[in-house]
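A short worksheet on the structure shown next.
Here, residue 1 is the first one in the sequence, and each next residue gets the next number.
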Amino acid sequence: MPDVSDDTVLQVSTSRGVATLTLDSPANRNALSRAMRARLRTALSDALADDAVRVVVLDHTGRVFCSGMDLTEAAGGAPGDQGVRELPELLETVWRAPKPVVAVLRGPARAGGLGLAAACDVVVAAASATFAFSEVRLGIVPAVVSAVVLPRMVPHTAHRLMLSGEVFDAAAAAAGGLVDLCVPDDEVDAAVAAQVTALAAGAPAALAETKRLLRAGGLRGSFDELLELSSRFFASEEGQEGIAAFLEKRPARWVPAAD
């Protein structure tokens, strides 16, 4: 049975190498409140530190994935008092996590909620989900989320949508690069399970280094540096185990066992 811990805003469960963090504050549309930000930071830190966890999944209860910052908490106060200063740390934790992170959007995402999804490695969205960079319509700027959104999206698509604040659907989000997989609503669970299985088949250290390489933007080092990295992993314990498993036609020892 999965190990499950209850909390008022976030549910955490771990099963077969997958840590599922479920936003569970439907009363405020799973907004990034002080409580939600604190619980997410803690749960992410715990999952990333747990060697048994291979993949992290961000899911949600209720109709909405995440509506962004909690505006009831953001009203009033001096600059920085609204909790915005905590958002970069949260997004960077997801963005630079050494383990793959999958976002599951079964419903709408807005503003900071889009940033949370964009920071993930794989975004799976139900066809009925909707999206909006609603900041400008509230008199604010999508500054922090732009750091994780812009590397994902077609530049001028992001330009138009951030300026207009208009609502767009999952098909448009996929075409613009914000969503990786747009699937019928009743196929979301199957799509997520397939992605988790594929990601968990990778060797932990190799996944971490590949993600670091991807986040660095590809050819940032010389070919000599990249050759050294490749050679090191070919000769590593993981690399040799992976080669042996391939030749022996068996799963590598890091692949989670089937139930």
Side-chain angles (χ1 to χ4, degrees), residues 2 4-13 18-40 43-44 56-75 82-83 87 90-91 94 101-120 122-138 140 142 145 148-149 152-153 161-162 164-176 178-196:
V4 179
S5 65
D6 262 342
D7 192 270
T8 55
V9 296
L10 186 77
Q11 305 298 324
V12 181
S13 66
V18 180
T20 302
L21 315 185
T22 304
L23 310 185
D24 189 19
S25 184
N28 69 350
R29 294 161 52 93
N30 288 324
L32 295 170
S33 62
R34 293 185 186 92
M36 181 68 82
R37 296 192 303 270
R39 278 291 289 140
L40 268 175
L44 281 166
V56 178
V57 174
L58 291 183
D59 205 336
H60 65 101
T61 63
R63 191 180 65 83
V64 177
F65 170 70
C66 179
S67 59
M69 297 297 288
D70 190 330
L71 297 182
T72 61
E73 294 180 353
Q82 297 88 355
L87 188 57
L90 182 59
L91 297 186
V94 176
V101 185
V102 179
V104 187
L105 280 65
R106 305 174 189 275
R110 300 289 187 268
L114 285 184
L116 184 60
C120 296
V122 180
V123 179
V124 179
S128 64
T130 61
F131 307 79
F133 297 103
S134 51
E135 287 91 342
V136 293
R137 298 194 179 191
L138 298 171
I140 54 182
V145 301
V148 291
V149 168
R152 266 189 163 272
M153 292 195 73
L161 293 172
M162 285 185 170
S164 69
E166 67 187 77
V167 175
F168 53 102
D169 63 19
L178 186 60
V179 164
D180 296 293
L181 298 173
C182 173
V183 300
D185 290 21
D186 61 357
E187 296 179 16
V188 170
D189 288 340
V192 172
Q195 288 298 300
V196 166

Practice problem: Could you go through the side chain to side chain contact (heavy atoms under 4.5 Å, CB included) check for Leu71 and Leu138 one step at a time? | Solution: CA-CA 10 Å; Leu71 297 182; Leu138 298 171; 3.9 Å; yes
Practice problem: Sequence neighbours left out, what passes ring pair (Phe, Tyr, Trp, His ring centres under 6.0 Å) with Phe133? Give chain and number order. | Solution: none
Quiz item: So how far is it from Leu114 CG to Met162 CE, rounded to the nearest 0.5 Å?
Solution: 8.5 Å
Quiz item: Hey, does Arg110 have a side-chain heavy atom less than 4.5 Å from the side chain of Val167?
Solution: yes
Quiz item: Is a side-chain donor-acceptor pair under 3.5 Å present for Asp24 with Thr61?
Solution: yes
Quiz item: Is any side-chain heavy atom of Leu21 closer than 4.5 Å to a side-chain heavy atom of Arg39?
Solution: no
Quiz prompt | Donor-acceptor contact below 3.5 Å, side chain Asn30 vs main chain Ser25 | solution = yes
Quiz item: Short question: side chain of Asp185, backbone of Ala127 - any donor-acceptor pair under 3.5 Å?
Solution: yes
Quiz item: Do Phe131 and Leu161 come close enough that some side-chain heavy atom pair is under 4.5 Å?
Solution: no
Practice problem: Please name the pair of heavy atoms, one in Val179 and one in Leu181, separated by the smallest distance, quoted to 0.1 Å. | Solution: CG1-O, 3.4 Å
Quiz item: Any luck finding a side-chain donor-acceptor pair between Ser128 and Arg106 under 3.5 Å?
Solution: no
Exercise. Specify the closest pair of heavy atoms between Gly113 and Phe65, including all atoms of both residues, with the distance to one decimal.
Key: O-CE2, 3.5 Å
Exercise. Report yes if some heavy atom in the side chain of Thr72 is under 4.5 Å from a heavy atom in the side chain of Asn28; otherwise report no.
Key: no
Quiz item: Can you name the nearest heavy-atom pair linking Ala103 to Cys120, along with the distance?
Solution: CB-SG, 3.7 Å
Quiz item: Is the backbone of Ser67 close enough, under 3.5 Å, to the side chain of Arg29 for a donor and an acceptor to pair up by distance?
Solution: no
Self-check item: Point-to-point distance, once rounded to the nearest 0.5 Å, from CG of Leu10 to CG of Leu44
Solution: 8.5 Å
Quiz item: With a 4.5 Å limit on heavy-atom distance, are the side chains of Asp180 and Arg152 in contact?
Solution: yes
Exercise. Could you tell me which non-hydrogen atom of Val123 sits nearest to which non-hydrogen atom of Ala117, and how far apart they are?
Key: CG2-O, 3.3 Å
Quiz prompt | Distance in Å, Thr130 OG1 paired with Glu166 CD, rounded so as to fall on 0.5 Å steps | solution = 12.0 Å
Quiz item: Closest approach of Gly107 and Ala129, non-hydrogen atoms and distance?
Solution: O-CB, 3.5 Å
Exercise. Measure the spacing between OG of Ser33 and CE of Met36 and express it to the nearest 0.5 Å.
Key: 5.5 Å
Quiz item: Is there side-chain contact between Pro142 and Val149, with at least one heavy-atom pair below 4.5 Å?
Solution: no
Practice problem: Taking the side chain as every heavy atom from C-beta outward, state whether Pro108 and Arg63 have any pair of such atoms under 4.5 Å apart. | Solution: yes
Quiz item: Rounded to the nearest 0.5 Å, how far apart are CE of Met69 and CD1 of Ile140?
Solution: 9.0 Å
Quiz item: Pick from Asp70, Leu40, Leu23: which one makes a side chain to side chain contact (heavy atoms under 4.5 Å, CB included) with Leu32?
Solution: Leu40
